[in-house]
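For reference, the structure is listed below as structure tokens.
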Amino acid sequence: MRRTFGLSSALLLSFSLLAAPAFGGDDKEKNPDAIGDRDVGRGVNFYSLEKEIAIGKQLAQEVERQAKIIDDPIIAEYVNRVGQNLVRNSDAKVPFTIKVIDTEDINAFALPGGFFFVNSGLILKADTEAELAGVMAHEIAHVAARHGTRQATRGTIAQLSTIPLIFLGGWTGYGIRQAASVLIPVGFLTFSREFEAEADMLGLQYMYKTGYDPGAFVDFFEKIESLEKKKPGTISKVFSTHPPTDARIVKAQQNIQTMLKERPEYVVTTSEFNDVKARLMAFHNRRKTDSKDPNRPQLKRAPGSGSSGDGSSSGGDDDRPTLKRRPDSGNNN
């Protein structure tokens, strides 16, 4: 009798934990002024913060063994600086290590414990620094809310929940176990809709607090969605960790209107972003040229006839950030 009660209790506890919401009605979580003074990573978690960092470090080492990291100091320093500014204006409780991967795939991903990788293709696809910051802020939010280890915890609970089912026997028990296994996540980067919604909400707050135009978050996801419609199948491959949907775009617009007080001006882009993007583009073009047949004839442009090819900017002397101002914020005199 005692044994039966223990199994039933464990089963009920497991499923009740699985059903717990990703984030509840905590007003602090919807208040950007409370950033840093709230625990957005709360929830059932079998992993300590130290263990989470250790797991992330191990996974990051595996990524670096398989991917090509861009070690260009100008590109690496710029992307790291943009990311660290966002981290300082987030709820994250771990230090971040941010690196750029040399690939044209439009993506970015953050591992548990603050190990963050940005694909060069994402930078090339973004039109402004604010668009890049929006995607980075979303990934930083996943780390701040500890979604990776919380998702893994849910998977562990789901596995524990299937243990009493072995006593059912026969094909009925087998079918239930197979159905239950669908709930088990396959990794640290596949998040539930709840976690994605929370990362969208927190990411908007982080980029807003850092000074960026939160509308750029919506702009970029609309751009990705448009690209997917023009070339079906493209984004499902390269942006599968957080697929843009109409519902998420609408929700992000609602969050901007209800949670973020409109400011007189926002940072949209900077000359540094343009310089780094040009440098990356030259880097990618040079790599494509190097990979071609060396025996084919090469064209040489005359000096001043086009891009310098070294990624340097030949623009004016105004290096100030581009600001977006409200229509009614100007002088009325």
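Throughout, numbering of the chain's residues begins at 1 and tracks the sequence.
In this pair, H142 and H147 present their aromatic rings perpendicular. The plane angle is above 60°, beyond the 30 to 60° band.
By the side chain to side chain contact (heavy atoms under 4.5 Å, CB included) test, Q58 is found to be paired with no residue, residues two or more places apart in sequence or in another chain being considered. Listed by chain and residue number, nothing satisfies the salt bridge (Lys or Arg N to Asp or Glu O under 4.0 Å) test with R88 (two or more places apart in sequence, or in another chain). Judged as a side-chain hydrogen bond (donor to acceptor under 3.5 Å, both in side chains), and not counting sequence neighbours, N255 has no contacts. For L124, the side chain to side chain contact (heavy atoms under 4.5 Å, CB included) criterion is met by K277, L280, M281, H284, not counting sequence neighbours. N45 is linked by a side chain to side chain contact (heavy atoms under 4.5 Å, CB included) to Y47, E52, R146, T149, R150, T153, counting only residues two or more places apart in sequence or in another chain. Every residue two or more places apart in sequence or in another chain that forms a salt bridge (Lys or Arg N to Asp or Glu O under 4.0 Å) with K68 is listed here: D102. Taking the side chain to side chain contact (heavy atoms under 4.5 Å, CB included) definition, one finds that V143 meets it with V94, F96, A110, sequence neighbours left out. The side-chain hydrogen bond (donor to acceptor under 3.5 Å, both in side chains) test applied to K99 returns E64, not counting sequence neighbours. Residues meeting the salt bridge (Lys or Arg N to Asp or Glu O under 4.0 Å) test with K223, sequence neighbours left out: D127, E131. Shown here are the salt bridge (Lys or Arg N to Asp or Glu O under 4.0 Å) partners of D37, two or more places apart in sequence or in another chain: K28. When the ring-ring contact (aromatic ring centres under 6.0 Å, His included) test is applied to F115, no partner is found at least two apart in sequence or on another chain.
Counting heavy atoms from C-beta on, the side chains of I69 and I101 come closer than 4.5 Å. Taking 4.5 Å as the limit, every side-chain heavy atom of D219 sits out of range of all side-chain heavy atoms of F221. For the pair D200/K251, no side-chain contact is recorded, criterion being any heavy-atom separation below 4.5 Å from C-beta on. In this structure, L111 and F116 have side chains that are not in contact, with every pair of non-hydrogen atoms separated by 4.5 Å or more.
With hydrogens and angles disregarded, a donor-acceptor distance shorter than 3.5 Å links the side chain of Y208 to the backbone of K261. The main-chain N or O of G211 is never found under 3.5 Å from a side-chain atom of E265 such that the two would form a donor-acceptor pair. For the pair S120 (side chain) and T103 (backbone), a donor-acceptor distance under 3.5 Å is present. Judged purely by atom type and a 3.5 angstrom limit, R81 has no side-chain atom pairing as donor or acceptor with the backbone of Y78. In this structure, D213 contributes its side chain and Y266 its backbone to no donor-acceptor pair below 3.5 Å. With T210 contributing its side chain and Y212 its backbone, the two residues share no donor-acceptor pair below 3.5 Å.
For the residue pair L202 and A145, the shortest heavy atom distance occurs at CD1-CB, 4.3 Å. Summarising the geometry of V40 relative to A144, their closest heavy-atom pair is CG2-O, 3.5 Å, with the distance given to 0.1 Å. Closest of all the heavy-atom pairs between V79 and M136 is O-CE, 3.7 Å. The nearest pair of heavy atoms linking A133 to L86 is O-CD1, 3.6 Å. Scanning both residues, A130 and A216, for their nearest heavy atoms gives CB-CB, 3.5 Å. In this structure, L204 and A252 approach most closely via the heavy-atom pair CD1-O, 3.7 Å.
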Please assess Y206 against D91 for the test side-chain contact (heavy atoms from CB on, under 4.5 Å), listing each intermediate value before the final yes or no. CA-CA 9 Å; Y206 298 162; D91 297 288; 2.6 Å; yes

Go through Q254 and M259 one step at a time and tell me if the side-chain contact (heavy atoms from CB on, under 4.5 Å) criterion holds. CA-CA 8 Å; Q254 291 175 348; M259 290 191 309; over 6 Å; no

Going through the checks in order, is the side-chain contact (heavy atoms from CB on, under 4.5 Å) test met by F195 and R154? CA-CA 12 Å; F195 284 164; R154 289 184 172 193; 4.1 Å; yes

Salt bridge (Lys or Arg N to Asp or Glu O under 4.0 Å) between E196 and R248, worked out: CA-CA 9 Å; E196 288 293 355; R248 288 180 67 190; 3.6 Å; yes

Starting from the C-alpha separation in whole Å, work towards a yes-or-no answer on side-chain contact (heavy atoms from CB on, under 4.5 Å) for I123 and L132. CA-CA 6 Å; I123 303 170; L132 172 63; 4.1 Å; yes

Where do E272 and R279 land on the salt bridge (Lys or Arg N to Asp or Glu O under 4.0 Å) test, with the steps shown first? CA-CA 10 Å; E272 272 190 297; R279 193 177 184 88; over 6 Å; no

Tell me, with the steps shown, if Q66 and E62 meet side-chain hydrogen bond (donor to acceptor under 3.5 Å, both in side chains). CA-CA 6 Å; Q66 298 181 26; E62 188 62 33; 2.8 Å; yes

Residues D33, K209; criterion salt bridge (Lys or Arg N to Asp or Glu O under 4.0 Å); working and verdict: CA-CA 8 Å; D33 292 333; K209 187 173 181 182; over 6 Å; no

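With 3.5 Å as the limit, one finds a donor-acceptor pair spanning the side chains of T270 and E129.
Rounding to the nearest 0.5 angstrom, the gap separating the CD1 atom in I98 from the CD atom in Q84 is 4.0 Å. Distance check: M207 CE to H138 NE2 gives 12.5 Å after rounding to the nearest 0.5 Å. Within the model, atoms CD of Q253 and CZ of F217 stand 11.0 Å from one another, a figure rounded to the nearest 0.5 Å. The structure places CD1 of I75 at 6.5 Å from CZ of F283, a figure rounded to the nearest 0.5 Å.
Taking hydrophobic clusters as Ile, Leu, Val, Met, Phe, Trp and Tyr residues chained together by side-chain heavy-atom distances below 4.5 Å, M201 does not share a cluster with V250.
Listed by first then second residue, pairs satisfying salt bridge (charged side-chain N to carboxylate O under 4.0 Å, His left out) with a partner in residues 113-125 number zero, not counting sequence neighbours.
With N107 as the fixed residue, the side chain to side chain contact (heavy atoms under 4.5 Å, CB included) test singles out one of N119, L122, V135: N119.
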